[in-house]
Amino acid sequence: MAHAVILARTYRWAANESAVLAKGLSPEDFVAKAIELVIDGKAGWDPARGTLVTLLKTIVKNEMLKALDSAAGRHERRFAPGDETNPTSREAEKHQDIGPSNPTPEDLICRAQDEAVVGKKIDDLLEAIDDTEELLNVVEKIMDGVEPRPRFIAEALGISVDEVNNRLKRLRRKAADISGGDA
Amino acid sequence: MTTGPKDNRELLSALVHAFSAVSPDTATEADLELKAEGLVPRDVGDRFEELARGLLNKRRLSWQDSARRRLERMRSQVSRVEVSTDLNRGELIERIRAARADPRLAAHTLFRKRNPEEATLEELRELLEEVEKARILADLEREPSEE
């Protein structure tokens, strides 16, 4: 549930709207749906391919992205079998996140944002961490093209994954603060 | 050589990926995230527990209902089996032999203890009736489950 809350805040920050909560849906609703899909056997949980928690997180993420997509007016889009942009088939099947080498649902959602609004968002975040070198270092590595996953960032910075996780959490909080504590 | 995000949108997307990749490490941390959203962790846990219990109960009841319907249908069909008294000995034996050739019934215990040729007319009728019931059961077993 905490993960759902984090995702909702992150997507709200990125999409500059409460799109994730469109149609009156809260993070709790997404978790409830994930639990329902697993208990009904519709999620196809295979313990050999990932833990139950991982699957629940993946479903929550997929459902939120779908809601975001729908709220952005792209709900008419149909996913063909094997379509790499289909958040449900791709991630539920693999039980894992995929890097940004192919356009992900997150990429599509961010691409749909107004460039000026996104620019302001990034500027505000950079300004908020201007005096915090360790956080700036993380963002700089991502800007340099380091894959935005903790282990790659850790490797690039020569620090532990735990430290990167900690910095990413702080960055996330900063982003939330910028959006008035709601992002 | 890696290339960085080409514009702010791509950077935003990369940050979203990075932010979503990190979950709370401890229960305390998770509780703090929930509280920041205005939620009471214990209440949330209780609600999900109740939801899961309800769904599991529903699933169990659904399975029981399905099994009950199947059983009722089976009883109804089996109770309707009746061998016509118009059939003569030869016809009865022929039908029993045909049933023996049915792969679903070939190994049935019905045929192990009785030799149709040595049975009386009444015994043949009883045997054919049991064979017809066994055939209904075999058909029902092959039907896909309602679930």
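Lettering follows sequence order; numbering is per chain, from 1.
Between Arg151(A) and Val161(A) the shortest heavy-atom distance is CA-CG2, 3.9 Å.
For a residue to count as touching a neighbouring chain, one of its non-hydrogen atoms must lie under 4.5 Å from one of that chain's; by this rule Ile142(A) touches chain B with backbone and side chain alike. Looking at Leu32(B), there are no atoms closer than 4.5 Å to chain A (heavy atoms on both sides), in backbone or side chain. Of the two parts of Ile6(A), only the side chain, counted from C-beta on, holds a non-hydrogen atom closer than 4.5 Å to a non-hydrogen atom of chain B.
With hydrogens and angles left out, the side-chain atoms of Arg80(B) and Ser76(B) include a donor and acceptor closer than 3.5 Å. Under the 3.5 Å distance criterion, with hydrogens and angles disregarded, a donor-acceptor pair is assigned to the side chains of Ser23(B) and Lys57(A).
Distance check: Asp7(B) CG to Leu12(B) CG gives 10.0 Å after rounding to the nearest 0.5 Å.
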Lys120(A)/Asp123(A) under salt bridge (Lys or Arg N to Asp or Glu O under 4.0 Å): CA gap, chis, key distance, verdict: CA-CA 5 Å; Lys120(A) 170 89 169 54; Asp123(A) 287 347; over 6 Å; no
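No salt bridge links Asp177(A) with Lys174(A); every basic N to acidic carboxylate O contact stays at or beyond 4.0 Å.
Screening residues 8-30 of chain B for salt bridge (Lys or Arg N to Asp or Glu O under 4.0 Å) gives Glu115(A)-Arg9(B), Lys169(A)-Asp25(B), Lys169(A)-Glu29(B), Lys6(B)-Glu10(B) as the qualifying pairs, with residues at least two apart or on separate chains.
Against chain A, the residues from residues 41-55 of chain B that qualify, each with a non-hydrogen atom under 4.5 angstrom away, are Val44(B), Arg47(B), Phe48(B), Leu51(B), Ala52(B), Leu55(B) in number order.
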